[in-house]
Engineer: 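Got a structure for you, questions after.
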Amino acid sequence: MLWSTMKRWGMHLVRELEQDLKVANVICMNGRRHLTSSMHEVSRDLVVNTDSKKKQALLDMLPILTELRHAVDMQVSLETHVEEGNYFTAFQVLSEYLQVLESFSELSAIQEMGRGVEVWLAKTLQKLDSLLLGVCQEFQEEKYITVVDAYALIGDITGLSEKIQSFFMQEVFSETNSVLMNIVQEGERIPNMQKSRLTYSDLCLQIPEAKYRQCLLRVLGVLFKLMCSYYAIMSFQHDRKNSECQTSNLKQTINDRDGSPEEVSRCNSKSKALKSSQADNSSTSEGMDRVRDSSAESESVASIVSINDIPGSSESSSPYTHTTVSEVREDSHATSGSGSWDLLRTDAIAFVSQTLIRGRKNLWQLTTSRISALLSSSAVCSTSVHQFLKNYEDLNVFILAGETFCGVEAVDFRQTLKTVCENYFASFHRQNIYALKMVLERETWVKMSSDTLQVVSFAGLVGDGAPLIVLTDGKSSKARMLHSRKSPDPDQSGNQKNGFMQWVKMENPFLIKLAYGSKEHLNSSYTVATEDKTLDDKFSPRTSDASHKNGNNSVSEDENEDLLADFIDEDSQLPSRISRPNHSRSRSSHLNEEDITAQTGSSLCLLRLMDKYARLMQKLEIINSEFFKGICQLFEVFFHFVFETFGQRETNLTGKVSTDPLNYKLKATLSRITQDCDQWIKPQTVPFSPSSPASDVTPTSPFSTNFGQAPSTSLGLKERCSGAETIQLVAQILHRSKSHLHSMLLQNNAAMVEDFYTNLVDSVPDLTENIHRTTARLLLHINGYVDRIANAKWELKDLGMEHNGYVDLLLGEFKHYKTRLAHGGIQKEVQDLLLEYGLEIVAETLIEGLSRVKRCTDEGRALMSLDLQVLINGLQHFASVNVKPKLQIVETFIKAYYLPETEYVHWARAHSEYSKSQIMGLINLVATMKGWKRKTRLEVLEKIEAL
């Protein structure tokens, strides 16, 4: 029972267990099912969660990608703006572009774009510099404002100022070098490989003479153009009205491009919603937080670098900043931005202007150094006078423009120009001296007939010459402008700055001459300047008076052609070009008929040379003192040659003792000429160079080496009188020109004129007297009568009634002398003068002969008086003047024989007309015949020697 009970209980337990197991199985199955379901739920939840994170990450990256896209668009915009030349907008975009790159600097793409910015910036600045270089070459307001805006935006106005000055310096170097290179290449004198290696100085030396003026005008033209461009930039002032108009147009363009305010607000609302959704998401990962922080930083930077923060702009010039612009788009801010940018632009332009004003002297110094190098060319001194004068005039115009440009006087460059003129004058003067000597060597001293020259005028020498400048339009004010010598006042830089505007308004005066060729008209160039009172105030009164005095404005160009005559007619020895009869000149500058017929070929050549020098003194006023010295030397050479040809140097009658010494003044004059003109007077071994700078005459035969020969006896009476009369005529013309020469020279050179006239011109009467005395001595053949008189028998015991035989011989010689004069073809006045000199020579011969007498009694002295009286009576038949006063000197000498021994020293002191040798001869004769003591005779002779 128990077993069965236990069995039943056991079976019951088994069934319960089975039931529990079934229940457990069901529970397990249900649990598994629930687990599977849960697992699927969890899996689905995990997938949703993963997608949600990815979505959030993508949403967080969307602002970054948007900014990257914005950066790419700005990069394209930068290139576009630069290609369009809109540098100001480009640099505005660049500012925002750099902010974007800085916000995402850790991204590799951004780093790559950053390296591209450096390349872009280098190219942009290069293009901007090219634009600036073009502005320097030729000023254009729009381009200049573009450059200023760009540099003002990047904050480098100082760099802009320095760059402008540097560009102008480079242009001076490149333009001048290019001009010279082109000229030299046209000449084809040097292989191309060598040309490229030549420096500017070397190119200056290679310029052919035929193209020198063309080269000079081109260089002056390009430099003047650069100065005008420099001045245009320096004096440019910003117009605020135009600026406000440009700013309003810029606003309108931005508004049209950005769209309506409603569209901008709609974009702003979307942006704000996006930012709020990003801010509400708090379950982002640490990386997403970093991206969100970067996005917020970029937004703050974008709001900071808004367009209103850039001076001069109220809106963004880029289509990519409209979101930021809308946040600050208010009218008050826009007005304030325009005003601030306009002020910044004005300040930038003013800063550049002030810098250029301070640096203009440097540009002028560089300009003058380039021209100075060009003036070192040998072609300067080998060109013709006409070409040199035109070059000098152009350089003067350039100097006046430069002094007005820089506000100071060009002292160094004027000195350089003066040195060039002096070198040219030295060469020019040397050739003229050689030419004058050639004419003198070939001179026949035949007077010119009145038919040879109808009109001879030395207007430049006597003060009625051509005006300083003869322009085709005849406006004297233009001439005054070109030759004004008044220096600019450094204290009035503002006035000088405004004064140069007159030069800017006119056409380039140098390029105009190239365009018109040889005519070189200036009609349009100086019209503006002559109408401006500022320049009129700077005219020199001295120059103005000279222009008025030296000719009216209607004088034709032929009046200046006298300066261009540069050859001599070989047959006539006269300048082949003479003044035309139809010239209406003042009678004061003409020679009368008597003066014309007194001219010889050499005197006319001399006067034409001096006339040309006087004209050049007016044109080349900077070295007018040198030209006056040249006039002096020309006359000195002529004076010396006339003396050497016709004058009597200190030669004696017997070869031992001088009976006709030169007076002190003539001696001093000849000594001075020898010192001043030694190089011209001494024999020349240097051949004449045909490549002279347009000498007034061109010799056609070699120079004689005996320029200092003794007085020629082969020249006849007529020629000798012609020589004396010719130099007298030259002296008369020089006296008429004295006041005019005084007026042309500066005040401190007045002593030079007085010295010339006192020591040289005033010695002409002494020279003519010496020539006439020499002529009389050569024609009156009585040199041998000194010994004949001295050897006559004077030691007599009884006085007879007959005179000595030499008296009749002397009267015969004098009769022949008068006959020669009467048939010599000379004027009656000259005949009478030569007869007087002949009487004086007879008296000198008598005195010299009587002073050599060794022994003579009182009866012999009486015979001397008898001979003298017979001679006086005989000579009176041949001379129209009273002969006795001419021979009174002989009677006084004879009567001195009867003086007491104590009176001879006083007598010798009172009669300086006798030479010491003559007085000593008288003393020795008296001492011998009257038995003086030897001691007394020696004492008297010693005292006389000491006189």
Side-chain angles (χ1 to χ4, degrees), residues 647-663 711 713 717 720 769-794 803-821 832-854 856 860-861 863-879 881-897 911-922 924-925:
Q648 174 64 49
R649 289 172 289 180
E650 292 191 52
T651 57
N652 58 356
L653 298 175
T654 63
K656 294 182 180 179
V657 182
S658 173
T659 61
D660 189 20
L662 302 176
N663 63 40
T713 58
L717 171 63
R720 300 184 68 85
E769 179 183 351
N770 183 270
I771 293 173
H772 286 314
R773 287 184 180 276
T774 304
T775 301
R777 193 176 302 280
L778 292 174
L779 294 179
L780 188 59
H781 302 152
I782 60 174
N783 288 345
Y785 283 83
V786 173
D787 293 334
R788 186 170 295 182
I789 294 172
N791 295 330
K793 187 176 181 181
W794 301 106
H803 56 270
N804 281 317
Y806 74 86
V807 175
D808 297 327
L809 294 176
L810 273 176
L811 291 174
E813 291 293 345
F814 200 86
K815 180 180 180 180
H816 291 303
Y817 173 66
K818 181 179 181 181
T819 304
R820 294 188 189 99
L821 295 180
D832 295 339
L833 181 63
L834 290 176
L835 285 174
E836 291 184 21
Y837 288 150
L839 294 175
E840 294 177 5
I841 292 173
V842 170
E844 293 172 1
T845 303
L846 289 174
I847 294 173
E848 185 66 26
L850 294 176
S851 67
R852 298 185 186 185
V853 174
K854 301 301 181 182
C856 178
R861 284 294 174 182
L863 180 58
M864 291 181 184
S865 299
L866 177 62
D867 291 345
L868 177 62
Q869 188 62 42
V870 173
L871 187 61
I872 290 174
N873 295 334
L875 291 175
Q876 191 64 60
H877 296 287
F878 306 123
V881 298
N882 190 4
V883 176
K884 187 174 182 179
K886 298 292 183 181
L887 272 66
Q888 182 67 39
I889 185 174
V890 182
E891 184 178 358
T892 303
F893 188 81
I894 294 172
K895 291 181 178 180
Y897 179 83
H911 293 81
S912 58
E913 63 270 19
Y914 305 110
S915 66
K916 288 185 179 180
S917 62
Q918 293 171 347
I919 296 176
M920 288 180 178
L922 175 64
N924 288 326
L925 174 62

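Values in this document were obtained by computation on a predicted structure and should not be read as measured data. Scope of the values below: all heavy atoms of this structure, side chains included, with no hydrogens, waters or symmetry mates.
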Engineer: How close do Val881 and Gln876 get, counting heavy atoms only, and between which atoms?
Structural biologist: O-NE2, 2.9 Å
Engineer: Please report the interatomic distance CZ(Arg852) to CG(Asp787), rounded to the nearest 0.5 Å.
Structural biologist: 6.0 Å
Engineer: Enter the distance from Leu778:CG to Leu717:CG here, rounded to the nearest 0.5 Å.
Structural biologist: 10.5 Å
Engineer: Kindly indicate whether the side chain of Met864, heavy atoms from C-beta on, has any atom under 4.5 Å from the side chain of Leu846.
Structural biologist: no
Engineer: Test Arg720 against Thr774 for side chain to side chain contact (heavy atoms under 4.5 Å, CB included), laying out the working first.
Structural biologist: CA-CA 9 Å; Arg720 300 184 68 85; Thr774 304; 3.5 Å; yes
Engineer: Mark yes or no for whether Gln918, through its side chain, and Ser915, through its backbone, hold a donor-acceptor pair below 3.5 Å.
Structural biologist: yes
Engineer: Quick check: closest heavy atoms across Ala792 and Asn804, and the distance to 0.1 Å?
Structural biologist: CB-ND2, 4.4 Å
Engineer: Check whether any side-chain N or O of Asp867 sits under 3.5 Å from a backbone N or O of His803 as a donor-acceptor pair, and report yes or no.
Structural biologist: no
Engineer: May I ask you to check if Arg820 and Tyr817 form a cation-pi contact, with NZ or CZ under 6.0 angstrom from the six-membered ring centre and within 45° of the axis?
Structural biologist: no
Engineer: Just wondering, do Val883 and Leu871 contact through their side chains at under 4.5 Å, heavy atoms?
Structural biologist: no
Engineer: Do Leu809 and Arg788 pass the side chain to side chain contact (heavy atoms under 4.5 Å, CB included) test, and can you show the C-alpha distance, the side-chain angles, and the key distance before you say yes or no?
Structural biologist: CA-CA 11 Å; Leu809 294 176; Arg788 186 170 295 182; 2.7 Å; yes
Engineer: Let me confirm one number: the CD1-CD1 distance from Ile847 to Ile889, rounded to the nearest 0.5 Å.
Structural biologist: 3.5 Å
Engineer: Take atom NE2 of His816 as the centre, draw a 6.0 Å sphere, and report whether it contains more than 12 heavy atoms from other residues, nucleotides or ligands.
Structural biologist: no
Engineer: One thing to verify: whether Arg773 and Glu840 come together as a salt bridge, which I'm taking to mean a side-chain N less than 4.0 angstrom from a carboxylate O.
Structural biologist: yes
Engineer: Restricting to non-hydrogen atoms, name the atom on Ile919 and the atom on His911 that form the minimum distance, rounded to 0.1 Å.
Structural biologist: CD1-O, 4.3 Å
Engineer: Check Lys854 against Leu925 and note the closest heavy-atom contact, atom names and distance.
Structural biologist: O-CD1, 3.1 Å
Engineer: For the side chain of Lys818 and the backbone of Phe878, is there at least one donor-acceptor N/O pair under 3.5 Å apart?
Structural biologist: yes
Engineer: Could you walk me through whether Ser851 and Phe893 pass the side chain to side chain contact (heavy atoms under 4.5 Å, CB included) test, one step at a time?
Structural biologist: CA-CA 9 Å; Ser851 67; Phe893 188 81; 3.8 Å; yes
Engineer: Taking the side chain as every heavy atom from C-beta outward, state whether Tyr914 and Thr892 have any atom pair closer than 4.5 Å.
Structural biologist: yes
Engineer: Looking at every heavy atom in both Thr845 and Tyr785, which two are closest together, and how far apart are they?
Structural biologist: CG2-CB, 4.0 Å
Engineer: Tell me whether the rings of Tyr806 and Trp794 are parallel (<30°), tilted (30 to 60°) or perpendicular (>60°).
Structural biologist: perpendicular
Engineer: I need the Leu839 CG to Asn882 CG distance, nearest 0.5 Å.
Structural biologist: 10.0 Å
Engineer: Between the main-chain N or O of Cys856 and the side-chain N or O of Tyr897, is there a donor-acceptor pair closer than 3.5 Å?
Structural biologist: yes
Engineer: Apply side chain to side chain contact (heavy atoms under 4.5 Å, CB included) to Leu811 and Lys815, showing your working.
Structural biologist: CA-CA 6 Å; Leu811 291 174; Lys815 180 180 180 180; over 6 Å; no
Engineer: Going from CG on Leu875 to NZ on Lys884, what distance comes out if it is rounded to the nearest 0.5 angstrom?
Structural biologist: 14.0 Å
Engineer: At what distance, to the nearest 0.5 angstrom, does CD1 of Ile782 lie from CD1 of Ile841?
Structural biologist: 6.5 Å
Engineer: Grab the two heavy atoms, one from Asn783 and one from Arg777, that are nearest each other, plus how far apart they are.
Structural biologist: OD1-CG, 4.1 Å
